[in-house]
Each structure stands twice: as structure tokens, then as C-alpha cells.
Amino acid sequence: MVRPVVGIIGNSYLMNDQYPTHAGGTMNSDAVANVSGCLPLLIPADPRYVSVDELLEVCDGFLLTGGRPNVHPEEYGEAATDAHGDFDRARDAITLPLVRACVERGQPFLGICRGFQEVNVAMGGTLYPEIRDLPGRMNHRMPPDGTLEEKFALRHIVTLSENGVFHDVFGATEVMTNTLHGQGIKRIGERVVIDGHAPDGTPEAIYVKDAPGFTLSVQWHPEWDAINDPVSRPLFEAFGAAVRNWASGTALQQMQRLA
């Protein structure tokens with residue numbers, strides 16, 4: 001049986017400081033293929049090559065990945081500063097309207113780190129450029145040194161809403177996660193529900209209220225060791241189930257049209 005397709009949003013990357021590429025972390029593909037049970041398809045997130053309408057037809061669901069470039073603050077009405085870091089305007093041009101289209105259609109997506117922030121911005125929210133500069137906040141950034149295992153190590157608890165959407169997925173109201181982000185939610189987007197917080201109050205888990213499909217997004221990186229991690233695995237399994245449901249419904253509609 002052909003697996004449903006998950007479009008993995010790629011990032012612009014300069015290989016060897018001179019060769020432009022579209023890149024995606026292997027761990028994203030591994031989580032989609034081996035935990036969600038779907039076919040991973042890397043998307044060049046650039047309107048010169050793809051359109052949102054085409055992606056909606058080709059893919060059954062989307063993984064909005066993390067990435068070093070940040071959403072440009074002009075997308076939420078603010079001027080860029082040095083604190084906002086690097087940008088990928090081509091990715092902004094694809095992912096923000098893609099999120100809004102998926103919310104409307106009920107097509108599933110899972111947002112991770114930058115993807116989490118994209119969902120908030122797409123729904124009209126804003127971002128802090130640097131969480132660690134805010135009073136009372138911890139440093140959520142990736143440790144600058146060490147192995148990948150050390151950088152992706154579990155570092156803080158996320159407390160989830162009692163009987164909320166994420167509580168249902170994880171079967172717990174507290175989970176341990178890694179943390180590798182600099183930015184975070186400032187003003188919450190329309191219909192975006194914060195369903196989990198770090199100990200310092202930073203939003204860590206969100207979904208879109210009354211959306212007909214799967215819209216869960218997290219500020220941490222569940223793709224790391226997803227097949228073994230007790231938090232990552234149920235999240236990607238739930239996402240995979242939502243993608244299969246969408247794909248089976250689409251196939252049924254196609255058969256009905258042909259009948």
C-alpha cells in the first residue's frame with residue numbers, strides 16, 4: 001500500500017559557504033517514515049518553485065520544521081533588528097499561507113520550533129526576538145558546544161493543560177523536553193490556544209481552536225530520537241494517524257467523483 005505523503009518544509013542552506021541548497025534534517029524524515037508511518041517528501045519552500053495550491057494537492061500533511069532563520073518581523077508588523085537574527089523570506093511566503101489553508105481545509109500539520117512560531121504568526125500573532133533577554137525567562141537556546149546528544153538532551157518540564165489536547169496525546173500533564181530556540185510567542189494569534197508552558201512561562205505547546213484538522217505544534221524538537229522518546233513517539237504517531245485519515249478521506253472523495 002502506498003503511504004500517505006508528508007511534505008517536510010525545507011530550509012535554504014548554503015553548502016560549503018557557496019552552493020545554495022534546500023535542506024532538511026535526516027531526523028525529520030526518520031520520524032515521519034518510521035514513527036508516523038508516512039512517506040517523507042522534502043519541499044523546497046520557495047514560491048519560485050512551488051505554490052501552496054500545488055502542495056495541498058500533492059501532500060496529505062505537512063511537517064513545519066525548525067530552522068536557523070526566523071520568521072521576518074514584517075510578517076507581524078514589526079521592524080527587523082539585530083536581535084531577530086537571520087531570515088528566509090521565501091519560506092515565509094510558502095509556510096504562512098500554507099498554515100492558513102490547512103487550518104481552513106482541515107489538512108493536518110505538525111509544527112516544530114520555527115514551525116510552531118510560523119503557526120502563531122500565520123494566525124495573526126507576534127514573536128519575541130530573544131526569550132533569554134526577558135525578565136524571569138531562562139535561556140532556551142541550544143548549548144553552543146557538545147555532541148548532538150548533549151545539544152538535544154532533555155532540559156526542562158512542559159506543563160500541559162489538564163484534559164487538554166496534548167494531555168490526551170501524552171497521557172500526562174507534565175513531560176520532559178529538549179529546548180533549542182531563541183524566539184517565542186509574544187502576542188497569541190487568533191484562535192491559537194496555548195496548551196503547555198515551560199517553567200518560566202514560555203509557551204511550548206499550541207493548537208488552533210475549532211480547526212477541523214490536526215494543528216498541534218510544539219516549541220521543542222520532538223524529531224530527535226522520535227522512535228524511542230516517550231514524548232516524541234506518541235506525538236508523531238498521532239500526527240501519522242491524522243495524515244492517514246486525511247489521505248483516506250481524499251481517496252474516498254476521488255472515488256465518489258469517478259463513480
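Keep in mind the model is a prediction, meaning the values are calculated, not measured.
Note that CG of Asn178 is 10.5 Å distant from CG of Asp225, once rounded to the nearest 0.5 Å. Summarising the geometry, atom CG belonging to Asp229 is positioned 11.5 Å from atom CD1 belonging to Ile227; distances are rounded to the nearest 0.5 Å. Taken from OH in Tyr207 to CG in Leu216, the straight-line distance is 9.0 Å, to the nearest 0.5 Å. In this structure, the separation between CD1 on Ile112 and CG on Leu180 is 11.5 Å, given to the nearest 0.5 Å. With values rounded to the nearest 0.5 angstrom, Met27 atom CE is found 10.5 Å from Ser232 atom OG. Note: Asn11 CG to Ile8 CD1 = 11.5 Å, rounded to the nearest 0.5 Å.
By the 6.0 Å contact criterion, CZ on Arg68 is open, its count of non-hydrogen atoms from other residues, nucleotides or ligands being 12 or less.
The backbone N or O of Val5 lies less than 3.5 Å from a partner atom in the side chain of Asp60, making a donor-acceptor pair. Looking at His221, its side chain never comes within 3.5 Å of a backbone N or O of Glu223 through a donor-acceptor pair. The backbone N or O of Arg141 sits less than 3.5 Å from a side-chain atom of Asn139, completing a donor-acceptor pair. Although no hydrogens or angles enter the test, the distance criterion places a donor-acceptor pair under 3.5 Å between the side chain of Ser248 and the main chain of Asn245. For Gln107 (side chain) and Cys59 (main-chain N/O), a donor-acceptor pair under 3.5 Å exists by modelled atom type. The backbone N or O of Ser36 lies less than 3.5 Å from a partner atom in the side chain of Arg244, making a donor-acceptor pair. In this structure, Asn120 contributes its side chain and Ile185 its backbone to no donor-acceptor pair below 3.5 Å. A side-chain donor-acceptor contact under 3.5 Å links Glu150 to the backbone of Thr147. With hydrogens and angles disregarded, a donor-acceptor distance shorter than 3.5 Å links the side chain of Gln117 to the backbone of Gln183. A distance-only check finds no donor-acceptor pair linking the side chain of Arg137 to the backbone of Arg132 [under 3.5 Å].
Side-chain contact between Ser51 and Leu56 is absent, with no heavy atoms from C-beta onward closer than 4.5 Å. Within the 4.5 Å cutoff, side-chain heavy atoms of Phe236 are placed close to those of Leu110. For the pair Thr126/Ile188, no side-chain contact is recorded, criterion being any heavy-atom separation below 4.5 Å from C-beta on. Taking the side chain as every heavy atom from C-beta outward, Ile9 and Leu63 never approach each other to under 4.5 Å. By the 4.5 Å heavy-atom criterion applied to side chains, Trp220 and His181 are not counted as neighbours. Side-chain contact check for Arg155 versus Pro143: some heavy-atom pair is nearer than 4.5 Å. Contact check for Phe109 versus Leu98: no side-chain heavy atoms found under the 4.5 Å cut-off.
Side-chain contact, Asp195 with Ser161: a donor N or O sits under 3.5 Å from an acceptor N or O. Remark: the Thr95 side chain and the Glu118 side chain contain an N/O donor-acceptor pair separated by less than 3.5 Å. Checked by atom type, the side-chain pair Arg91/Thr65 shows a donor-acceptor distance below 3.5 Å. Inspection of the Asp200 and Thr202 side chains reveals an N or O donor paired with an N or O acceptor under 3.5 Å.
Checked against the 6.0 Å centroid threshold, His156 and His140 count as a close aromatic pair. Here Phe239 and Phe214 bring their ring centres to under 6.0 angstrom of each other.
A single hydrophobic cluster is seen to contain both Val32 and Val35, as judged by linkage of ILVMFWY side chains at heavy-atom distances under 4.5 Å, directly or through other members. Placement of Leu134 and Tyr76 in two distinct hydrophobic clusters is found when ILVMFWY residues are connected by side-chain heavy-atom separations under 4.5 Å, directly or transitively.
Paired with Glu204 under the rule side chain to side chain contact (heavy atoms under 4.5 Å, CB included), one option of Val218, Leu160, Val158, Ile157 passes, and it is Val158.
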Can you check side chain to side chain contact (heavy atoms under 4.5 Å, CB included) on Lys209 and Val193, steps first, answer last?
CA-CA 6 Å; Lys209 184 179 180 180; Val193 177; 3.7 Å; yes
With salt bridge (Lys or Arg N to Asp or Glu O under 4.0 Å) as the criterion, how do Asp92 and Arg114 come out once you've worked through the C-alpha distance, each side chain's angles and the decisive distance to 0.1 Å?
CA-CA 11 Å; Asp92 294 344; Arg114 175 188 161 121; 2.5 Å; yes
For a salt bridge (Lys or Arg N to Asp or Glu O under 4.0 Å) check, start with the C-alpha distance between Glu104 and Arg100, then their side-chain angles and the critical distance, and finish with the verdict.
CA-CA 6 Å; Glu104 181 178 351; Arg100 290 188 285 266; over 6 Å; no
Going through the distances and angles, do Val119 and Ile206 end up as a side chain to side chain contact (heavy atoms under 4.5 Å, CB included)?
CA-CA 9 Å; Val119 172; Ile206 61 173; 4.1 Å; yes
Would Glu78 and Lys186 satisfy salt bridge (Lys or Arg N to Asp or Glu O under 4.0 Å), going step by step from the backbone distance to the final call?
CA-CA 12 Å; Glu78 297 184 11; Lys186 181 179 181 181; 3.6 Å; yes
Residue pair Leu39, Val6: steps toward the side chain to side chain contact (heavy atoms under 4.5 Å, CB included) verdict
CA-CA 6 Å; Leu39 177 69; Val6 169; over 6 Å; no
Is there a side chain to side chain contact (heavy atoms under 4.5 Å, CB included) between Trp224 and Leu148? Walk through the geometry before answering.
CA-CA 9 Å; Trp224 172 257; Leu148 278 181; 3.9 Å; yes
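Residues Pro47 and Ala90 come closest through the heavy atom pair CD-O, 3.5 Å. Closest of all the heavy-atom pairs between Pro108 and Ala242 is CG-O, 3.8 Å.
Classified by interplanar angle (parallel below 30°, tilted 30° to 60°, perpendicular above 60°), the ring pair His22/Tyr49 is perpendicular.
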